[in-house]
Amino acid sequence: MSSGASGSARTRYAILGCGSVGHAVAEELTGRGKDVLILDRDESRVEALRDQDLNARVQDIAEPDVVDELVDRDIVLILASDVEANKAAVSAVRDTGGDHYVVVRASDPVSEDELRDRGADVVINPSTVIADSALQSLETGELEYMARQLAEIIEQGGGRMAILTHDNPEPDSIASATALQAIADAFGVEADILYSGDVGHQENRAFVNLLGIDLLSRADAPALSEYQTVAAVDLAKSAEDGFDFDVEIDIYIDHLEADVPFDARFVDVRTNVSSTSTILTKYLQEFDQSPTEAVATALLYGIRAETLDFKRDTTPADLTAAAYLHPFANHDTLEQVESPSMSPETLDVLAEAIQNREVQGSHLFSTAGFIRDREALAQAAQHLLNLEGITTTAVLGIADDTIYLAARSKDIRLNIGNVLHEAFSEMGDAAGHSTQGSLEIPLGIFTGIEASGDNRDTLLHLTEEAVRRKLFDALGVEGGTSESGNGS
């Protein structure tokens, strides 16, 4: 091998066996200005290659002396249709101590393994390549077809569109709705993003405020029947008991399968990606629509939030979408969103949750007592998940005669949303998915007494004990405590 070669401009190639595949590769490399030597045992074929001004020589690649022709070559592509000849050529190169980079053609999985054993750096199976190419073309075609359908529904609806997010929307849901709103705008259709519940988490509030995202509460919005088109994004997380809308849903896009199938004119559910923001990014690309800074920043944050900054269940599609969005996004804004100031209420709730933690195995339960901001429970549950040895957390608080519980889990064997639903659905509203869940229960169901200054402590103790025991039973662990807040 030429010892002075460094960099693609000086790389020299050899193609051993020049059938249709080898010929195509030779023409492509030569067209790029590469130094290519072709070796083939068929004299008439070599003459034809020379007539095309290609550097070709007659040589049986199955013979050991083939290595004599490769002394000044850096990369060797062994592409004959005769797999036995290819095996012999790989062995000849490696048996003489050649350090060439060897790419070789196989015919099936068995020959792939044998060629690797003989020292090939890369093994190519044309059948696999064709299948992969066909699947990629199918995926591209499917997205094009889906995009046409989506565009038709948006344009045919005209008027005004409602885009529904899930209850107490999170970044992925908000970002997806923002992107769909931008797509609708490109087709001349105005859209409102509607939500139920609260945008309570400090990061989510910062996310909405800094990007200027206009969200409209369902309570303040027109009835859904007044909209010409109704879309829903990222709703599976809040659909444990099915979907209850007064009108037909026209468009539904999500990355999770709902327990109850969603009935809409247009449905795009892709469980092979980890965020709905990834799906909407693909649609922006398919429509050849460059995202605005706000939309790109929202989508990038949606992907990062849903994948825990690419540390959880991240797929190649998520990474590709994030790479596409990166140059359009405002990274100073992203930094501000991800590092919001903590309110005194949240700090108090977190301090209470740390102090009152009870641990059984890798499961942690805590109570923050009587609270004013129930969204602080979710932040406390997330912070406590960082404790060593903890895989599941649940933090309870009481506000306005309602028991609130926020849960988080990083245990891949557990769906914390399902756990809460199975344990508490008969007495309150439970929602969530594999990594997070929430619970609301009327206070009187557990105690039968009302909160007052005289019985607050007793009420809190009874509630905490009942919820903790029921939750630990649902998790399959005993309800005792192995660690208290003071570590004793």
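- The distance from atom CG of Leu16 to atom CG of Leu79, rounded to the nearest 0.5 Å, is 8.5 Å.
- Distance alone, capped at 3.5 Å, places no donor-acceptor pair between the Thr229 side chain and the Met161 backbone.
- At distances below 3.5 Å, at least one donor-acceptor pair connects side-chain atoms of Arg94 with backbone N or O atoms of Gly119.
- Atom CG of Asp288 sits in a sparse spot, with 12 or fewer heavy atoms from other residues, nucleotides or ligands closer than 6.0 Å.
- The salt bridge (charged side-chain N to carboxylate O under 4.0 Å, His left out) contacts involving residues 268-283 comprise Asp268-Arg270, where partners must be two or more places apart or lie in separate chains.
- Under a 3.5 Å cut-off, the side chain of Thr393 and the backbone N or O of Gln382 do not form any donor-acceptor pair.
- Side-chain atoms of His100 do not come within 3.5 Å of backbone N or O of Val93 as any donor-acceptor pair.
- At least one donor-acceptor pair closer than 3.5 Å links the side chain of His331 to the backbone N or O of His326.
- Note: His363 and Phe472 have tilted aromatic rings, judged against thresholds of 30 and 60 degrees for the angle between ring planes.
- Side-chain atoms of Leu414 and Leu475, non-hydrogen and from C-beta on, do get closer than 4.5 Å to each other.
- Checked against ring-ring contact (aromatic ring centres under 6.0 Å, His included), Phe310 has no partners two or more places apart in sequence or in another chain.
- Looking at residues two or more places apart in sequence or on another chain, you find a side-chain contact (heavy atoms from CB on, under 4.5 Å) between Thr96 and Val67.
- The distance from the CG atom of Leu299 to the OG1 atom of Thr281 is 4.0 Å, given to the nearest 0.5 Å.
- With rounding to the nearest 0.5 angstrom, the CD1 atom of Ile15 is 11.5 Å from the CD1 atom of Ile61.
- Judged purely by atom type and a 3.5 angstrom limit, Asp254 has no side-chain atom pairing as donor or acceptor with the backbone of Val233.
- For the residue pair Ala264 and Tyr252, the shortest heavy atom distance occurs at CB-CB, 4.1 Å.
- Side-chain atoms of Leu325 and Pro291, non-hydrogen and from C-beta on, do get closer than 4.5 Å to each other.
- Contact between Tyr324 and Ser290 at its shortest, heavy atoms only, is OH-CA, 4.1 Å.
- Residues in residues 313-322 take part in no salt bridge (charged side-chain N to carboxylate O under 4.0 Å, His left out) pair, two or more places apart or across chains.
- Nearest approach of Leu471 to Ala394, heavy atoms of both residues: CD2-CB, 3.5 Å.
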* Asked: Can you check side chain to side chain contact (heavy atoms under 4.5 Å, CB included) on Ile154 and Ile251, steps first, answer last?
  -> CA-CA 9 Å; Ile154 293 174; Ile251 297 165; 4.0 Å; yes
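- Contacts of Asp108 classified as side chain to side chain donor-acceptor pair (under 3.5 Å), with partners at least two apart in sequence or in another chain: Ser111.
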Sequence neighbours left out, cut at 3.5 Å: what donor-acceptor pairs do the side chains of residues 174-188 make with other protein atoms?
unit_1: Ser176; atom_1: OG; unit_2: Asp172; atom_2: O; d: 2.7
unit_1: Ser176; atom_1: OG; unit_2: Ser277; atom_2: N; d: 3.3
unit_1: Thr178; atom_1: OG1; unit_2: Ile174; atom_2: O; d: 2.8
unit_1: Gln181; atom_1: NE2; unit_2: Ala191; atom_2: O; d: 2.8

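- For residues 153-164, the pairs satisfying salt bridge (charged side-chain N to carboxylate O under 4.0 Å, His left out) are Arg160-Glu190, Arg160-Asp192, with sequence neighbours left out.
- Judged as a ring-ring contact (aromatic ring centres under 6.0 Å, His included), and not counting sequence neighbours, Tyr227 has no contacts.
- Separation of atoms NE2 (His255) and CD1 (Ile303) is listed at 11.0 Å; rounding is to 0.5 Å.
- Taking the side chain as every heavy atom from C-beta outward, Leu334 and Thr297 approach each other to under 4.5 Å.
- Other residues, nucleotides and ligands contribute at most 12 non-hydrogen atoms within 6.0 Å of the CD1 atom of Ile412.
- Residues Arg357 and Ile354 form a side-chain contact, since some pair of their non-hydrogen atoms from C-beta on lies under 4.5 Å apart.
- Val102 has its side chain out of reach of Val122: every pair of non-hydrogen atoms, C-beta onward, lies at least 4.5 Å apart.
- A salt bridge links Arg304 with Asp309; the closest basic N to acidic carboxylate O contact falls under 4.0 Å.
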* Could you check Val103 against Val76 for side chain to side chain contact (heavy atoms under 4.5 Å, CB included), going step by step and ending with a plain yes or no? => CA-CA 6 Å; Val103 179; Val76 178; over 6 Å; no
* Apply side chain to side chain contact (heavy atoms under 4.5 Å, CB included) to the pair Leu39 and Val66, showing each step before the final yes or no. => CA-CA 9 Å; Leu39 303 178; Val66 69; 4.0 Å; yes
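- One distance of note links CG of Leu385 with CG of Leu364; it measures 9.0 Å at 0.5 Å rounding.
- The two residues Tyr101 and Asp121 come nearest to each other via the heavy atoms CA-OD2, 3.4 Å.
- By the 6.0 Å contact criterion, CG on Asp51 is enclosed, its count of non-hydrogen atoms from other residues, nucleotides or ligands being greater than 12.
- You'll find the side chain of Val267 reaches within 4.5 Å of the side chain of Val269, heavy atoms only.
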Atom pairs and distances, donor-acceptor, side-chain atoms in residues 82-92, under 3.5 Å, two or more places apart:
unit_1: Asp82; atom_1: OD1; unit_2: Glu84; atom_2: N; d: 3.1
unit_1: Asp82; atom_1: OD1; unit_2: Ala85; atom_2: N; d: 3.3
unit_1: Glu84; atom_1: OE2; unit_2: Lys87; atom_2: NZ; d: 3.2
unit_1: Asn86; atom_1: OD1; unit_2: Ala80; atom_2: N; d: 3.4
unit_1: Asn86; atom_1: ND2; unit_2: Ala80; atom_2: O; d: 2.8
unit_1: Asn86; atom_1: ND2; unit_2: Arg105; atom_2: O; d: 3.1
unit_1: Lys87; atom_1: NZ; unit_2: Glu114; atom_2: OE1; d: 2.9
unit_1: Ser91; atom_1: OG; unit_2: Lys87; atom_2: O; d: 3.1
unit_1: Ser91; atom_1: OG; unit_2: Arg118; atom_2: NH1; d: 3.1

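- Between Ala322 and Leu300 the shortest heavy-atom distance is CB-CD1, 3.8 Å.
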* To do: Applying side-chain hydrogen bond (donor to acceptor under 3.5 Å, both in side chains), run through Gln52 and His23 and close with a yes or a no.
  => CA-CA 11 Å; Gln52 298 174 49; His23 189 197; 3.1 Å; yes
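- The shortest distance between side-chain heavy atoms of Thr276 and Ile253 falls below 4.5 Å.
- Residues meeting the side-chain contact (heavy atoms from CB on, under 4.5 Å) test with Asp42, sequence neighbours left out: Asp40, Ser44, Arg45.
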* To do: Show the numbers, then the answer: is there a side chain to side chain contact (heavy atoms under 4.5 Å, CB included) between Ile38 and Asn55?
  => CA-CA 6 Å; Ile38 301 170; Asn55 180 16; over 6 Å; no
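- Listed by chain and residue number, Ile124 satisfy the side-chain contact (heavy atoms from CB on, under 4.5 Å) test with Val129 (two or more places apart in sequence, or in another chain).
- Arg148 contributes atom CZ, which lies 10.5 Å from atom CG of Leu143 (distance to the nearest 0.5 angstrom).
- With sequence neighbours excluded, the residues satisfying side-chain contact (heavy atoms from CB on, under 4.5 Å) with Ser127 are Asn125.
- Under a 3.5 Å cut-off, the side chain of Asp250 and the backbone N or O of Arg265 do not form any donor-acceptor pair.
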